[in-house]
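Notes to accompany the following structure.
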Amino acid sequence: MELNFSIEGGDFTQAGQASSRVKKVLKQLGVDVKCIKSIVIALYEAEVNVVAHAHRGHILIQIEKDRITTTIEDEGPGIPDINLAMQEGFSTASKKVREMGFGAGMGLPNMKKNTDDLQISSVIGKSTIVKMVNYF
Amino acid sequence: MKVSEIIDQLGLKVISGEKGLDRGISGAYVSDLLSDVMGNAREGQIWITLQVHQNVMAIASLKDLAAVILVKDLQANENTIHHSDEEQIPILSTSLSTYEITGKLYALLNKQ
C-alpha cells in the first residue's frame, strides 16, 4: 500500500496532515498502538521540517506486511552538516518559526528516537532526502 | 477524572471542542515547545501552554490528548478553534499563569 503527500514550504496549516492520515490508516490495519505512536511522532517532525525549512516537499509512505517506510524528499537549502543537525538543541529555524514553539532543535532527535532506521542525505542548495523505516 | 470535572473546580472557560468534555484525564504536560510535547506528552493528558495557533490542535489530536488549557486569557486562533471542534478535543482557558494553573491542576489530580 502506498500513500503520497505534497507539502508547500512555509504553510504550517499543512503540517500534520500526512501523519494524521497515516495514523488512521495504521489503526485500521490493526498495527500495534505503540508502533503507531512512534511513527506519528517521526512523521510529524518530518512534515514540520519541510514546512519550516524547504520550498516544497513530497512524502511517500510504503506500508508492507512487516514495516512502514517513509521517504521525504524536499527541494530546499539542504543540510550542510548532518551530524550537527542531529544534535539535540541545534536549530537553524527562523525567529518566526521559533516563536510558534518549533525550532527547538528536537525534531531530528525525535525522528531518530522513534524510528528503527533513519537515513538522511542532502545536497546543499538543492534537496534533502530522509528515509525512515519502522518495523511493526 | 473527566475534563468536565476540572472546569468548575479550576474556574476554566470552555472555548471550543465541547463534545470532548467527557474525555478522561490521565495527567498533564506543560510545555510551549511543540516538539517536546510531540515527543513526550502521553495519551489522555491535559496540555497547558501559551501557544494558540492551529498546530497545537494538530499535536493534541495526533497525541490523543484530553484537552488543551491556554493560560493568561490568551485567545486561540480561529482555525485552532475550528480544529478543536472537529477533533472534539476541548480548548479551555484560564486567566492564571502557567505556574498557578499547573499547581492547581496538580493538586486536584493528586487529591483523587
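Chain identifiers are assigned alphabetically (A, B, ...) following the order of the sequence lines, protein sequences preceding nucleic acid strands; residue numbering begins at 1 within each chain.
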(request) Sort B:Asp32 into side chain, backbone, both or neither according to what part of it lies under 4.5 angstrom from a heavy atom of chain A. (result)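 Backbone only.
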(message) Do the side chains of A:Lys95 and A:Glu99 get close enough for a salt bridge, i.e. N-O under 4.0 angstrom?
(response)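 Here A:Lys95 pairs with A:Glu99 in a salt bridge, since their nearest N and O are under 4.0 Å apart.
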(request) In plain terms, say whether A:Lys23 and B:Asp64 are close enough for a salt bridge, that is, a side-chain N and a carboxylate O under 4.0 Å apart. (result)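 Result for this pair is yes, salt bridge flagged.
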(request) Against chain B, label A:Gln17 side chain, backbone, both or neither, depending on which of its atoms sit under 4.5 Å from a heavy atom there. (result)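 Neither part.
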(message) Please classify the contact of A:Tyr44 with chain B as side chain, backbone, both or neither, using a heavy-atom distance under 4.5 Å.
(response)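 It is the side chain, since no backbone atom gets that close.
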(message) Let's test your reading of the structure: which of B:Gln54, B:His83, B:Gln51 forms the most heavy-atom pairs below 4.5 Å with chain A?
(response)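 Going by pairs under 4.5 Å, I would pick B:Gln51.
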(message) A side-chain contact here means heavy atoms from C-beta on lying under 4.5 Å apart; do B:Leu34 and B:His53 qualify?
(response)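 Yes. Closest side-chain heavy atoms under 4.5 Å.
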(request) Give a yes or no on whether A:Gln62 atom CD has more than 12 heavy-atom contacts from other residues, nucleotides or ligands under 6.0 Å away. (result)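 Buried by this count: over 12 neighbours within 6.0 Å.
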